[in-house]
Amino acid sequence: MKVINKTRNVTLMSNGQVANTIWTRFVGLLGRKTLAPGDGLIIIPNNSVHCFFMQFPIDVIFADKAHKVVHISHNLKPWRLSKIVPKAHYVVELPAHTATQTGTQLGDLLEWQEN
């Protein structure tokens with residue numbers, strides 16, 4: 001799965017997966033030792049995340065049903081919780097600093113594409 005920031009015309013995730021079942025949403029990124037550039041995970045539906053048992057920090061981009069970015073948690077470290085974002089319908093978990101490096105901001109529009 002690929003996620004593009006249409007507002008900035010930049011790819012956020014080029015080799016990602018979708019977690020949309022109870023099991024895949026529960027497992028998320030657990031068990032991974034790192035997240036390579038271009039990798040990531042879309043968790044849908046979702047409006048908050050935890051990094052319990054994680055081994056690396058991540059950026060979490062929260063988007064609404066219209067794919068508009070409504071919140072960004074930058075560099076969320078292991079053993080931390082994100083805030084609950086009531087407007088969010090899904091999240092995109094990415095390597096730490098991806099949001100900053102791509103200039104992703106609140107209000108940007110995201111698009112998903114199959115690889």
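Values below: every heavy atom of this structure, side chains too, minus hydrogens, waters and symmetry copies. What you are looking at is a predicted structure, and each value in this text was computed from that prediction instead of being measured.
No donor-acceptor pair under 3.5 Å is formed between the side chain of Thr100 and the backbone N or O of His97.
One distance of note links OG1 of Thr7 with CG of Leu109; it measures 4.5 Å at 0.5 Å rounding. In this structure, the separation between CG on Asn47 and CG on Asp64 is 12.0 Å, given to the nearest 0.5 Å. Distance check: Ser82 OG to Ile72 CD1 gives 13.0 Å after rounding to the nearest 0.5 Å.
Scored by the side chain to side chain contact (heavy atoms under 4.5 Å, CB included) test, Thr11 finds Lys2, Ile4, Ser14 as partners (sequence neighbours excluded). In terms of the side chain to side chain donor-acceptor pair (under 3.5 Å) criterion, Asn75 has no residue partners (sequence neighbours excluded). Scanning for ring-ring contact (aromatic ring centres under 6.0 Å, His included) contacts around Phe56 gives an empty result, with sequence neighbours left out. Under the rule for a side chain to side chain contact (heavy atoms under 4.5 Å, CB included), the partners of His50 that lie at least two apart in sequence or sit in another chain are Phe52, Leu81. Among residues two or more places apart in sequence or in another chain, the side chain to side chain donor-acceptor pair (under 3.5 Å) test is passed with Thr102 by Thr104.
Applying the salt bridge (charged side-chain N to carboxylate O under 4.0 Å, His left out) rule to pairs touching residues 98-115 yields Lys6-Glu111, Arg8-Asp108, sequence neighbours excluded. Residue pairs meeting the salt bridge (charged side-chain N to carboxylate O under 4.0 Å, His left out) criterion with at least one partner in residues 71-82, sequence neighbours excluded, are absent.
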Taking distance alone, no hydrogens or angles, what donor-acceptor pairs closer than 3.5 Å link side-chain atoms of residues 83-94 to residues at least two apart or in another chain?
from  : atom 1 : to     : atom 2 : distance (Å)
Tyr90 : OH     : His67  : ND1    : 2.8
Tyr90 : OH     : Trp112 : NE1    : 3.3

Enumerate donor-acceptor pairs with a distance under 3.5 Å from any side-chain N or O in residues 21-33 to protein atoms, sequence neighbours excluded.
from  : atom 1 : to    : atom 2 : distance (Å)
Thr21 : OG1    : Thr24 : N      : 3.1
Thr21 : OG1    : Thr24 : OG1    : 2.9
Thr24 : OG1    : Asn20 : N      : 3.1
Thr24 : OG1    : Thr21 : N      : 3.0
Thr24 : OG1    : Thr21 : O      : 3.3
Arg25 : NE     : Pro45 : O      : 3.1
Arg25 : NH2    : Pro45 : O      : 3.0
Arg32 : NH2    : Gln17 : OE1    : 3.4

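Taken together through direct or relayed side-chain contacts under 4.5 Å among Ile, Leu, Val, Met, Phe, Trp and Tyr, Ile61 and Met13 form part of one hydrophobic cluster. Note on Leu12: it clusters hydrophobically with Ile44, by side-chain heavy-atom contacts below 4.5 Å among ILVMFWY residues. There is no path of hydrophobic side-chain contacts, each under 4.5 Å, that joins Val60 to Ile42. By the criterion of side-chain heavy atoms lying less than 4.5 angstrom apart, applied directly or through intervening Ile, Leu, Val, Met, Phe, Trp or Tyr residues, Phe62 is grouped together with Ile58 in one hydrophobic cluster. Hydrophobic clustering (side-chain heavy atoms under 4.5 Å, transitive across Ile, Leu, Val, Met, Phe, Trp, Tyr) groups Val18 together with Leu110.
Here the side chains of Met54 and Leu76 are not in contact, with every heavy-atom distance at 4.5 Å or above.
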